[in-house]
Amino acid sequence: MAEKTYLQAISDGLRQELQRDDRVFVIGEDVGVYGGAFKVTLGFQEEFGPWRIIDSPLAETAILGACSGAAMMGMRPVAEMQFADFISCGWDHLVTVAAKQRFRVGTPVPIVVRLPSGGGFSGGPFHSQNPESSFAHIPGLKCVCPATPEDAKGLLVAAIEDPNPVLFFEHKHLYRRIKGEVPDERYVTPIGKARTHREGEDVTVITWGAMVYTADEAAKRLEADDVSVEVIDLRTVMPWDKAAVLASVRKCSKVLVLHEDTRTGGFGGEIAATIAEEAFEDLDAPVKRVCAPDCPVPFSPVLEKAYIPQVDDVVKGLRELAAY
Amino acid sequence: MAVREAEPVGSFNEVREAGLDRDDLLAIYRHLLVTRGIEERGHILYKQGKIPGSFYTGRGNEGAAVGVATAMGPDDVGTPLHRDMGVHVTRGVEPWRIFAQYMGREDGPTRGRDGNVHMADAKLGMIAMVSHLPAMLPVAVGCALAFRIREERRVAVGWFGEGSAARGDAHEAMNLAGVRRLPVVFVCDNNQWAYSTPTHLGYAVEHLADRAAAYGFEGVVVDGTDVLAVYREAKAAIEKAREGGGPTLLELKTLRMEGHAVHDDAFYVPKELFEEWARRDPIERFRTWLFENAELRGEEEDEIAARVKKILNDALTRAEDSPQPDPATLLEGVYATPEDLDTPHHK
Ligand SMILES: Cc1ncc(C[n+]2csc(CCOP(=O)(O)OP(=O)(O)O)c2C)c(N)n1
Ligand SMILES: [Mg+2]
């Protein structure tokens with residue numbers, strides 16, 4: 001056990017997998033000599049050589065397509081998108097080939113795509129997005145969005161072990177800001193199991209990724225109002241832990257769904273609809289969503305602050321629910 | 001590096017040097033006949049209303065498909081497309097399973113999950129195509145990448161049509177393969193049309209294979225109706241890749257002898273073009289070659305024809321007996337389980 005940043009946890013987890021399993025390799029832009037845009041694979045090429053830490057051309061379809069082909073030949077590829085945003089250039093491959101091959105012909109495609117995602121530092125419209133809900137909509141893909149260093153490592157291991165294409169959304173804002181205890185040994189954090197980040201009784205917040213910390217801050221503020229807030233960290237968006245969400249809804253009877261992605265068609269809508277279908281009788285207030293508004297991620301710090309859900313926005317939503 | 005235009009194949013001796021004996025030649029002939037037979041009967045099934053959806057054939061491309069597949073080694077892999085039925089046949093897919101696939105039955109390779117030529121038997125080293133073209137090229141490159149990482153002497157073959165060569169996937173795949181000198185052979189089925197679009201509206205170079213130079217490897221133009229020339233060039237390219245010589249782009253020139261699919265009468269293709277290429281039918285051409293060079297005699301030919309007919313008849317009967325898929329199983333296999341990884345490839 002040692003204290004590590006979220007980034008270090010991902011890096012160490014990946015290195016361990018490369019050490020223990022020859023089938024695992026890394027491919028992406030600038031992942032070799034440079035160690036990746038965020039340095040997750042720093043020093044890897046020295047350790048594992050240029051045919052396991054592969055610097056690719058600037059070509060997302062080639063990266064992802066090659067991962068699928070190699071996976072079908074028995075490898076366990078881990079692709080790095082330089083930024084999650086660029087996965088749009090590989091969308092077709094993931095959705096058309098990787099997601100459907102098992103269903104169509106019985107061929108599993110065990111690939112992992114690492115996606116540095118999320119905003120908060122003026123990355124602008126093309127370096128800040130959280131595209132997980134687009135992919136959660138595609139049957140055959142899994143979407144993982146860890147919030148803590150411990151989960152980041154354990155879920156990365158789970159993603160590599162998983163026989164399906166797994167999109168691993170690692171939030172850039174957590175990389176160096178969040179630290180936590182991470183076991184040294186290998187462990188697997190199961191995909192599809194939520195985590196109670198904070199226990200509470202009056203209102204529950206369902207969220208994932210960096211918003212877990214926003215929710216936690218807001219929950220602390222609500223203590224002053226004598227409102228006890230539960231925070232459920234979904235950890236994985238597809239599959240998502242419906243049972244844990246419904247249990248928390250039944251306990252608190254009021255629920256706020258929070259995500260950094262935009263509102264319309266965001267995954268929060270699916271969660272809210274499921275709660276309405278399956279826990280309507282347990283609700284004491286309408287389900288509330290706090291999300292980014294329906295616009296591209298803006299560049300200016302002032303605008304971006306207005307875009308990304310802030311602690312104040314969550315506090316406001318929680319107070320409204322508490323008062324309902 | 002200029003593109004090379006391959007010579008036709010002449011004598012039996014030349015063929016022997018390329019690695020084929022008389023039995024191999026007769027096998028090629030059989031595969032050609034089975035391939036065409038499957039598609040002709042498929043056409044009838046379609047007209048009888050027994051094939052849902054659409055129906056595609058590779059008429060005119062049989063020699064190209066069988067020629068390449070014959071040149072592949074048993075551990076080589078490939079991503080054949082909708083004109084490449086001959087590849088599945090040559091690799092050993094049982095024809096009844098293809099008919100079952102056409103009809104959407106439980107015993108088709110996709111168990112009714114997908115239709116027409118969207119199928120492949122992974123055990124035979126084949127990877128099933130998707131509709132989106134040429135989406136399988138990057139996948140073929142990935143297979144080659146796995147072989148390169150593990151230093152295995154295996155080769156991947158990626159097929160594409162000349163029309164789909166306009167898409168970025170083709171460029172990304174060839175560029176990565178060229179940069180890393182991966183053991184992959186790109187096979188362009190150039191049948192002169194992409195649905196109704198002629199080649200001059202699809203690309204601006206003289207030969208599609210001219211593009212190979214841009215990726216740092218060799219391009220070869222081959223008459224796709226000459227099964228033996230296709231075999232010889234494919235064999236050379238595959239063995240070169242196996243020896244670490246990197247990729248090759250083979251452009252196999254044919255004419256798509258029918259519409260894009262059954263619904264299309266190909267009114268936009270000049271009649272004279274069909275007439276000209278009908279005289280170069282790959283099967284007829286090879287049959288004549290066998291008569292002239294390999295002492296194929298009427299009796300032997302009849303025997304082969306009878307055997308092929310029986311294979312096809314039996315296959316049809318068996319496929320028609322195959323059950324419809326059970327709707328209760330619809331959600332099976334959307335996600336893979338760990339047991340699914342217990343396949344020849346994922347071992
Ligand atoms: C990305 C994509 N766009 C459109 C289509 C529809 N479509 C199917 S086949 C075809 C023509 C393909 O031409 P070519 O690549 O030359 O192959 P051919 O059918 O002639 O063998 C088109 C437009 C498709 N399958 N994929
Ligand atoms: Mg064509």
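All of these numbers come straight from a predicted model, not from anything done at the bench. In what follows, every chain begins at residue 1, and chains take the letters A, B, ... in the order their sequences are listed.
Taking all atoms of both residues into account, the shortest heavy-atom contact from M73(A) to I127(B) is CE-CD1, 4.1 Å. Across all their heavy atoms, A336(B) and P163(A) have their closest contact at O-CG, 3.4 Å. Counting all heavy atoms, side chain and backbone alike, I138(A) lies closest to Y335(B) at O-OH, 4.1 Å. Considering every non-hydrogen atom in both M75(A) and A146(B), the closest pair reads CG-CB, 3.6 Å.
In this structure, the portion of L182(B) lying under 4.5 Å from any heavy atom of chain A is its side chain and not its backbone. Both the backbone and the side chain of A128(B) have a heavy atom closer than 4.5 Å to some heavy atom of chain A. Within the 4.5 angstrom heavy-atom criterion, no atom of H171(B) approaches chain A. Using a 4.5 Å cut-off between heavy atoms, M129(B) touches chain A through its backbone atoms (N, CA, C, O) alone. Both the backbone and the side chain of L176(B) have a heavy atom closer than 4.5 Å to some heavy atom of chain A. If you measure heavy-atom distances from E152(B) to chain A, you find no contacts under 4.5 Å at all. With a 4.5 angstrom heavy-atom cutoff, A156(B) does not touch chain A via any of its atoms. Contacts between T337(B) and chain A at a heavy-atom distance below 4.5 Å involve the backbone alone (N, CA, C, O).
Here G65(A) is the residue among P139(A), P165(A), G65(A) with the most heavy-atom pairs under 4.5 Å with chain B. Here T61(A) is the residue among T61(A), L141(A), I54(A), I63(A) with the most heavy-atom pairs under 4.5 Å with chain B. Between chain A and the options L331(B), T110(B), N175(B), heavy-atom pairs under 4.5 Å are most frequent for T110(B). Across L58(A), V97(A), D22(A), the residue that shares the most heavy-atom pairs under 4.5 angstrom with chain B is V97(A).
Taken from OG in S56(A) to CD in E172(B), the straight-line distance is 9.5 Å, to the nearest 0.5 Å. Here the straight-line distance linking atom CZ of R150(B) with atom CZ of R23(A) works out to 10.0 Å at 0.5 Å rounding. The line from CG of D169(B) to NE2 of H93(A) is 9.5 Å long, rounded to the nearest 0.5 Å. The line from CD of E332(B) to CZ of R102(A) is 8.5 Å long, rounded to the nearest 0.5 Å. Interatomic distance, I27(A) CD1 to L145(B) CG, rounded to the nearest 0.5 Å: 5.5 Å.
At least one side-chain heavy atom of V130(B) sits under 4.5 Å from a side-chain heavy atom of Q101(A). In this structure, P138(B) and L64(A) have side chains that are not in contact, with every pair of non-hydrogen atoms separated by 4.5 Å or more. Contact check for D121(B) versus V105(A): no side-chain heavy atoms found under the 4.5 Å cut-off. For the pair L341(B) and R76(A), the minimum side-chain heavy-atom distance is below 4.5 Å.
Salt bridge annotation for D92(A)-R167(B): present, with a cationic side-chain nitrogen under 4.0 angstrom from a carboxylate oxygen.
In this structure, R180(B) is positioned above the aromatic face of W51(A), its NZ or CZ under 6.0 Å from the six-membered ring centre and within 45° of the axis.
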